[in-house]
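Worth knowing before you read on, the calculation uses all heavy atoms, side chains too, and leaves out hydrogens, waters and symmetry mates.
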Amino acid sequence: MQDADLDKTRDVLENELITAKQKIIIVIDDIDRLANSQIRDVFQLVKQVADFPNVIYVLSMDREVVCSALAEVHNTDGNEYLEKIIQVPFELPELRKSKLHKILFDKLDMIIKNIPEKVELDMDYWNNVFWNCIEPYINTLRDVNRLINTFQFRYGMLYQETSFEDMLGITTLEVFEPKLYKWICNNKDAVCGGSLHGFLPNGDQKPDYRKLYHDEFDILGINPDFAIKCVSTMFPVFANDVNKYQSVYQPVSNTRSKMRIADETRFESYFMLDFDDIKVSRNIINNCISELNKDELRTVIEKIDKQGNIIYFIEEMQSLIDKIPYARLGLIASVMLGLQGGFKGETSKTIFQRSACETAEYLTISIIKRFDTEEEKNEILRSAVENANKNGLGTMASIIYGIEFAYGRLERKSEKKDEQIINLIHLEELEKIYLEKIEAIATSETILDMNQLNFAFYLWKFFDKNGADDYLKKLFKNDLNKLKYVCAMSGRCTGTNGSGWMINPEEYSEYISSDEVYEIIQSLDKSKLNEFSDIEKIKLASFDLNYNKNRNEFVNEQEAQELVNEWNTEKKE
């Protein structure tokens, strides 16, 4: 055959095909997806070159697209051209939407069944996401397969830290609407909000967000009405800005507990497999809520605190407060009350910052409020005070302070019924236990470094003013103790120039004047700065720089740190 020409080669091949007595079926799919010239080439090859005996060609195509292409290339009727080539045509009816939905749902069910943990769906929210973000793109079986292939890979890796509904919704946009997907990825503040979202300079009016985003989507070549509807479905902050609510509105408070894409701590995970913002896995948190015994729970929380992630943990627990089994409330509350006085750190928000202790206190109160009986609530609080160490007692003082206020006591005239966690009889018993506890601690060690000393000392003074005053008089024989007391009473404040520390003179003026504090700081031997913590040094520098200034004109931490650096230089010299 080396010297055979094409005609002879064809004859040999045809004879072999006849002799084989086998039918060969060749399927050529997706013809309508080719360029017009390629479509013409396929039909010419099938008809003129590859027309062999016992060979059957099944040509799969969108007839309308192919006819249009052939008409353009051959300048003839495309239908007539096909009729000369196609011997047996089969017209397949378009797959009904309901059938496509069933195929999609069946495939999603298989994905869920292969997930080792139970996937909980919010059916109202799922319906919104499906109809507004997914269904418009599911028009063919190919669409179903493209979506499933991408989704099952991503969700299989991220199911423990993401919402099923949102992952499917955002994956749909990634596959079918990449421009909108990219816009969401690059506009986290617009869709999730942030600490400063919604704050406008004085006198400025809220912009017309709907028009702003409508024009932006239009410029990007995205259907504006669909985009606004889709983004509003998954992002409550965005929905609020454009005043577009779905039939079942999802409040912002749900985003964290349900691991929604709208939760700013999980947002990036939906796009880049980036878990940096997820400080503690949901699996660990679920174990804390449902599985760990008291010692295990304490160990895990202490480890999280040492890693610097306690605030994230507390905020996650707060979002899941209603999921804590009733039988576990007492255990979790007692462990939190025993540890929270020593928690370190502050929230990362630029305004309204709260310490880790304050955040933990809010969580603990929320847990205690879930108890059905007043006796259970009282038992938890009573045990916490009786077993509190120095820092823990400061936290308990803050909780007692809040209950006292709820009854219109401590110079407050109005009552707040829903904050009256325990009855007055139990409250007065708690006061006695607290007083005995703080007096015992003050006798054995200094309380000037106590967490939340402002609440602790205020209550001591309210319950036993003479005892509290006598304690301070003894301490104030040492000027350094006077400065430590002022530091303990300082509070964080935030303004346009940043965050800093200030103290209301009313907190200390009964015992020491601002002038005396200032003079002690000025005359302080800088070698004694080692007796103060880093944060205490910043507070002293803040007092120095704020002295005789208007209360609205306070220095920020950076300015205070600069003065501390100068003091350290003087100390070395």
Salt bridge check, [Y] against [X]: does any charged N sit closer than 4.0 Å to a carboxylate O?
| X | Y | answer |
| --- | --- | --- |
| R260 | E165 | yes |
| K102 | D106 | yes |
| E296 | R298 | no |
| R492 | E557 | yes |
| K211 | D215 | yes |

Quick check: does any side chain N or O of [X] sit under 3.5 Å from a backbone N or O of [Y], one acting as donor and the other as acceptor?
| X | Y | value |
| --- | --- | --- |
| S383 | I380 | no |
| Y434 | A456 | yes |
| R256 | S319 | no |
| N546 | V555 | yes |
| E536 | S533 | yes |
| R370 | I321 | yes |
| E559 | N556 | yes |
| Y270 | S163 | yes |
| N309 | D305 | no |
| K188 | E264 | yes |

Verdict with supporting geometry, I134 and L147, side chain to side chain contact (heavy atoms under 4.5 Å, CB included)
CA-CA 10 Å; I134 301 169; L147 176 57; 4.1 Å; yes

Exercise for review: Determine, stepwise, if the pair Q160 / S281 fulfils side-chain hydrogen bond (donor to acceptor under 3.5 Å, both in side chains).
Suggested key: CA-CA 8 Å; Q160 289 183 316; S281 74; over 6 Å; no

[X] [atom1] to [Y] [atom2] distance, which is reported to the nearest 0.5 Å:
| X | Y | atom1 | atom2 | result |
| --- | --- | --- | --- | --- |
| L108 | L168 | CG | CG | 5.5 Å |
| T233 | N127 | OG1 | CG | 11.5 Å |
| I332 | I367 | CD1 | CD1 | 5.5 Å |

**Q.** Option passing side chain to side chain contact (heavy atoms under 4.5 Å, CB included) with M234 (candidates T255, L173, V191)
**A.**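 The single option meeting the side chain to side chain contact (heavy atoms under 4.5 Å, CB included) with M234 is L173.
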
Would you indicate whether [X], at its atom [atom1], is surrounded by more than 12 heavy atoms from other residues, nucleotides or ligands within a distance under 6.0 Å?
| X | atom1 | result |
| --- | --- | --- |
| K97 | NZ | yes |
| E117 | CD | yes |
| K303 | NZ | no |

Between [X] and [Y], is any pair of side-chain heavy atoms under 4.5 Å apart?
| X | Y | value |
| --- | --- | --- |
| L363 | T359 | no |
| P136 | F226 | yes |
| K107 | Q152 | no |
| F313 | C288 | yes |
| N378 | L427 | no |
| K537 | D534 | yes |
| C192 | D263 | no |
| Q340 | T364 | yes |

- [ ] Verify side-chain hydrogen bond (donor to acceptor under 3.5 Å, both in side chains) between D166 and Y125, making sure each step is shown before the conclusion.
- [x] CA-CA 9 Å; D166 285 344; Y125 182 63; 2.4 Å; yes

[X]: partners by ring-ring contact (aromatic ring centres under 6.0 Å, His included), with sequence neighbours left out:
| X | answer |
| --- | --- |
| H101 | F130, W131 |
| Y362 | none |
| Y458 | Y401 |
| F532 | none |

*asked:* Below 30° counts as parallel, above 60° as perpendicular, anything between as tilted: where do the rings of F151 and Y155 land?
replied: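 Taking Y155 first and then F151, their aromatic rings lie parallel (interplane angle under 30°).
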
Give the ring-plane orientation class for Y181 versus F271, where under 30° counts as parallel, over 60° as perpendicular and anything between as tilted.
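Correct class here is tilted.
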
- request: Could you please spell out the steps behind the ring-ring contact (aromatic ring centres under 6.0 Å, His included) verdict for Y213 and F238?
  value: CA-CA 10 Å; Y213 293 132; F238 182 90; 4.8 Å; yes

Looking only at side chains, do [X] and [Y] share a donor and an acceptor under 3.5 Å apart?
| X | Y | result |
| --- | --- | --- |
| N391 | T395 | no |
| E361 | S398 | yes |
| N565 | Q561 | yes |

- prompt: Could you walk me through whether N286 and S290 pass the side-chain hydrogen bond (donor to acceptor under 3.5 Å, both in side chains) check?
  reply: CA-CA 6 Å; N286 287 338; S290 305; over 6 Å; no

Taking salt bridge (charged side-chain N to carboxylate O under 4.0 Å, His left out) as the cut-off, I'd like each qualifying pair that reaches into residues 376-388, sequence neighbours left out, listed once.
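Output for this query lists R382-E386, R382-E429.
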
Open item on the list: W183 vs F217, test: ring-ring contact (aromatic ring centres under 6.0 Å, His included). Steps then yes/no.
Closed with: CA-CA 9 Å; W183 182 90; F217 291 140; 4.8 Å; yes

Decide side chain to side chain contact (heavy atoms under 4.5 Å, CB included) for K323 and L320; before the verdict, give the C-alpha distance in whole Å, the side-chain angles of both, and the deciding distance to 0.1 Å. CA-CA 5 Å; K323 292 184 178 294; L320 298 167; 3.7 Å; yes

Original post:
Could you give all pairs that pass the side-chain hydrogen bond (donor to acceptor under 3.5 Å, both in side chains) test and reach residues 170-179, with sequence neighbours left out?
Top reply: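 Listed by first then second residue: Y137-E177, R154-E174.
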
Q | salt bridge (Lys or Arg N to Asp or Glu O under 4.0 Å) partner of E316, the single match among K279, R266, K258 | A |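 Exactly one pass, corresponding to R266.
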
Run the side chain to side chain contact (heavy atoms under 4.5 Å, CB included) check on S269 and E161 step by step: do they pass?
CA-CA 8 Å; S269 300; E161 301 296 341; 5.6 Å; no

One pair to check against side chain to side chain contact (heavy atoms under 4.5 Å, CB included): C230 and N132. What are the steps and the verdict? CA-CA 5 Å; C230 178; N132 296 337; 5.5 Å; no

